[in-house]
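Positions are given from 1, in the same order as the sequence printed here. The figures that follow rest on heavy atoms only: side chains count, while hydrogens, waters and symmetry mates do not.
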Amino acid sequence: MKILVTGGTGFIGSHTVVELINAGHEVVIVDNLVNSNKDVIGKIKRITKVRPLFYKVDVENKKALAKVFNEHKFDAVIHFAGLKAVGESVQKPLLYYRNNLDSTLTLLELMVEYDVKNILFSSSATVYGTPEVMPIKEEDPLGHTTNPYATTKLFIEQILQDFVSANPGFKAVSLRYFNPIGAHPSKLLGESPSDIPNNLMPYISKVANGKLEYLSVHGDNYDTVDGTGVRDYVHVVDLAHGHLLALKAFSFDKAYNYYNLGTGKGTSVLELIHAYEKANKIKIPYVIGPRRDGDIATSYADIEKAHIELGFSPQYTIKEACRHAFLYEKKQK
Ligand code: WQD
């Protein structure tokens, strides 16, 4: 297939482009490089021996994006482009609604104009809000999201459902990511946010290479195995492979499909720190700080639906993800 990947130079986007190319798909990337770097294109070439076509385009810019659709007959779109910092979304809700919703609406309008019938969307486990029952299943209630970033993901899932209902023959798939971690085993691709990190693993990596003195653990009085927050950490290469597998859903009868992508297991903050220390034979100093506003105690996925319908089965261990993250970060020094 010929696939347009929006946000394809980002953390999950770039790893997905590698999997797509290695599986024989032709990839075209559009990205505005607001939170990524153009040198990722050369790194993808070093890994796959194929240099994907790249256009520096903001997906909200309909005229510029139409030119890309004009030049290529795409079979599908994988839509990663969007702002994704939970904390920033609370400070700047209008920026997040404008950017994440406008870019999606522009993309969908062009898909109709150019008759591109399939879209795979980068959704998030945050659409479940504050789930009570673990593991989280796709049919569990959505909503009561705790930040505008999560709400944009929820809205876009709804937009996609309405879009495929109104456009017979069009198909949409939402992939609800749990907590992506790790880096490409080649050490060429990884999580290098241009701004301050949001998530746990980049913080641990910064402590590991001396850019941070210690990690602040957000609370150790949750009702969990050791009091610290429990999450479903999934290796970014497994997550990327999940996108490759999800392409088959475009041939399913249902026009709108949605899947959890995680490992099905929960890992606490302290367990992750210890796994990182063991994998890399280093110490990660930490202090126990106050809880972080909006945090939930526990979140991990039921991945049976993706396993049965897509054949999704994550291969990498937490320890391997910690090793890959460390080696990538060390290479960035
Ligand atoms: C994980 C655990 C923290 C940092 C995010 C966002 C969003 C989503 C992925 C896609 C929690 C603890 C963290 C630190 C800590 N992406 N922590 N010290 O909050 O589960 O959700 O997941 O949608 O980016 O929703 O991930 O990595 O921020 O936190 O103790 O310096 O680590 O309290 O328990 P989270 P996270």
For this session: Using the side chain to side chain contact (heavy atoms under 4.5 Å, CB included) rule, take L200 and L215 through it: C-alpha gap first, then chi angles, then the decisive distance, then the call.
Result: CA-CA 9 Å; L200 176 59; L215 177 79; 3.9 Å; yes

For this session: Just do the side chain to side chain contact (heavy atoms under 4.5 Å, CB included) check on H72 and L4 with the steps written out, would you?
Result: CA-CA 9 Å; H72 304 277; L4 172 67; over 6 Å; no

For this session: Walk me through it: do Y258 and E139 pass the test side chain to side chain contact (heavy atoms under 4.5 Å, CB included)?
Result: CA-CA 10 Å; Y258 44 95; E139 300 317 318; 2.9 Å; yes

Exercise. Is there a side chain to side chain contact (heavy atoms under 4.5 Å, CB included) between R98 and E60 once you walk through the steps?
Worked result: CA-CA 9 Å; R98 172 66 72 198; E60 285 182 271; 3.8 Å; yes

Problem set entry | ring-ring contact (aromatic ring centres under 6.0 Å, His included) between F170 and F163, intermediate numbers included | CA-CA 8 Å; F170 279 68; F163 171 73; 5.3 Å; yes

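When each of E329, K330, K331 is paired with N209, the side-chain hydrogen bond (donor to acceptor under 3.5 Å, both in side chains) condition holds for E329 and for no other. Among H235, H15, H241, H184, the single residue meeting the ring-ring contact (aromatic ring centres under 6.0 Å, His included) criterion with Y316 is H235. Screening D39, N35, D31, N32 for a side-chain hydrogen bond (donor to acceptor under 3.5 Å, both in side chains) with T9, the sole residue that qualifies is D31.
Using a 3.5 Å distance cut-off with no hydrogens or angles, the side chains of D220 and T228 do not pair a donor with an acceptor. Between E157 and Y256, the side chains place a donor N or O and an acceptor N or O closer than 3.5 Å (distance only, hydrogens not considered). Side-chain contact, H144 with T130: no donor N or O sits under 3.5 Å from an acceptor N or O. For the residue pair T151 and T145, a side-chain donor N or O sits within less than 3.5 Å of a side-chain acceptor on the partner. Donor-acceptor pairing under 3.5 Å is lacking for the side chains of Y328 and E191. Side-chain atoms of T263 and Y300 form no donor-acceptor pair, as typed in the model, at a separation below 3.5 Å.
Hydrophobic clustering, with ILVMFWY side chains joined whenever heavy atoms are under 4.5 angstrom apart, keeps L154 apart from I156. Linking ILVMFWY side-chain heavy atoms closer than 4.5 Å, directly or via other members, places V18 and V40 in a single hydrophobic cluster. In this structure, V269 is a member of the same hydrophobic cluster as I284, with clusters built from ILVMFWY side-chain heavy atoms closer than 4.5 Å. By the criterion of side-chain heavy atoms lying less than 4.5 angstrom apart, applied directly or through intervening Ile, Leu, Val, Met, Phe, Trp or Tyr residues, L247 is not grouped with V77; the two fall into different hydrophobic clusters. V173 and V164 are assigned to two separate hydrophobic clusters, defined by single-linkage of ILVMFWY side chains at heavy-atom distances under 4.5 Å.
At least one test fails for K305 against the ring of F312: distance under 6.0 Å to the centre or angle within 45° of the axis.
The environment of CZ in R291 is crowded: more than 12 heavy-atom neighbours from other residues, nucleotides or ligands sit within 6.0 Å. The environment of K73 atom NZ is dense: over 12 non-hydrogen atoms of other residues, nucleotides or ligands sit within 6.0 angstrom. In K278, the NZ atom is not crowded: 12 or fewer heavy atoms of neighbouring residues, nucleotides or ligands sit closer than 6.0 Å. No more than 12 heavy atoms of other residues, nucleotides or ligands sit less than 6.0 Å from atom NZ of K67. Within a 6.0 Å sphere centred on OH of Y214, heavy atoms belonging to other residues, nucleotides or ligands number 12 at most. No more than 12 heavy atoms of other residues, nucleotides or ligands sit less than 6.0 Å from atom CD of E132.
For the atom pair CG (N280) and NE2 (H324), the distance works out to 10.0 Å, reported to the nearest 0.5 Å. Here the SG-NE2 distance, from C322 to H274, works out to 11.5 Å after rounding to the nearest 0.5 Å. The distance from the OH atom of Y276 to the CE atom of M201 is 6.5 Å, given to the nearest 0.5 Å. Between L189 atom CG and R46 atom CZ the span is 10.0 Å, to the nearest 0.5 Å. Note that the CG atom of L107 and the CG atom of D102 stand 12.0 Å from one another [nearest 0.5 Å]. Taken to the nearest 0.5 Å, the OG atom of S103 stands 12.0 Å off from the CG atom of N61.
Aromatic ring pairs are classed by plane angle as parallel below 30°, tilted from 30° to 60° and perpendicular above 60°; the pair F121 and H79 is tilted. Using the six-membered ring where Trp is involved, F80 and H243 have ring planes that are tilted, between 30° and 60° apart.
Counting only distance, with no hydrogens or angles, the side chain of H25 and the backbone of M1 share a donor-acceptor pair below 3.5 Å. Counting only distance, with no hydrogens or angles, the side chain of T267 and the backbone of L272 share no donor-acceptor pair below 3.5 Å. Using modelled atom types, one side-chain atom of D75 and one backbone atom of K2 make a donor-acceptor pair closer than 3.5 Å. Put simply, the side chain of D140 gets close to the backbone of K137: a donor and an acceptor are under 3.5 Å apart. Remark: the backbone N or O of V112 is not paired with any side-chain donor or acceptor of N167 at under 3.5 angstrom. Checking side-chain atoms of D232 against main-chain N and O of A301 turns up a donor-acceptor pair under 3.5 Å. At distances below 3.5 Å, at least one donor-acceptor pair connects side-chain atoms of Y96 with backbone N or O atoms of A85. K171 places no side-chain N or O within donor-acceptor distance of the main-chain N or O of S251, the cut-off being under 3.5 Å. A donor-acceptor pair under 3.5 Å links the side-chain atoms of R231 to the main chain of A297, judged by distance alone.
The minimum heavy-atom distance linking S89 with V86 is given by the pair OG-O, 2.6 Å. Closest heavy-atom contact between Y128 and P141: CD2-O, 3.8 Å. Across all their heavy atoms, L120 and A246 have their closest contact at CD1-CB, 3.8 Å. G8 and V17 get closest at one heavy-atom pair: O-CG2, 4.0 Å. Contact between N257 and A249 at its shortest, heavy atoms only, is ND2-O, 4.0 Å. Minimum heavy-atom separation, E71 to Y55: OE1-OH, 2.7 Å.
At least one side-chain heavy atom of E19 sits under 4.5 Å from a side-chain heavy atom of V237. Residues L20 and I78 are in side-chain contact: their nearest non-hydrogen atoms beyond the backbone lie under 4.5 Å apart. By the 4.5 Å heavy-atom criterion applied to side chains, T16 and L244 are not counted as neighbours. When side chains are defined from C-beta on, L108 counts as touching I119, because their heavy atoms get closer than 4.5 Å. Residues Y222 and D295 form a side-chain contact, since some pair of their non-hydrogen atoms from C-beta on lies under 4.5 Å apart. The shortest side-chain heavy-atom distance between P148 and N100 does not fall under the 4.5 Å cut-off. Side-chain atoms of V28 and F74, non-hydrogen and from C-beta on, do get closer than 4.5 Å to each other. Residues L142 and R176 meet the side-chain proximity criterion, which asks for heavy atoms closer than 4.5 Å.
Using a 4.0 Å cut-off between charged nitrogen and carboxylate oxygen, K62 and E113 count as a salt-bridge pair.
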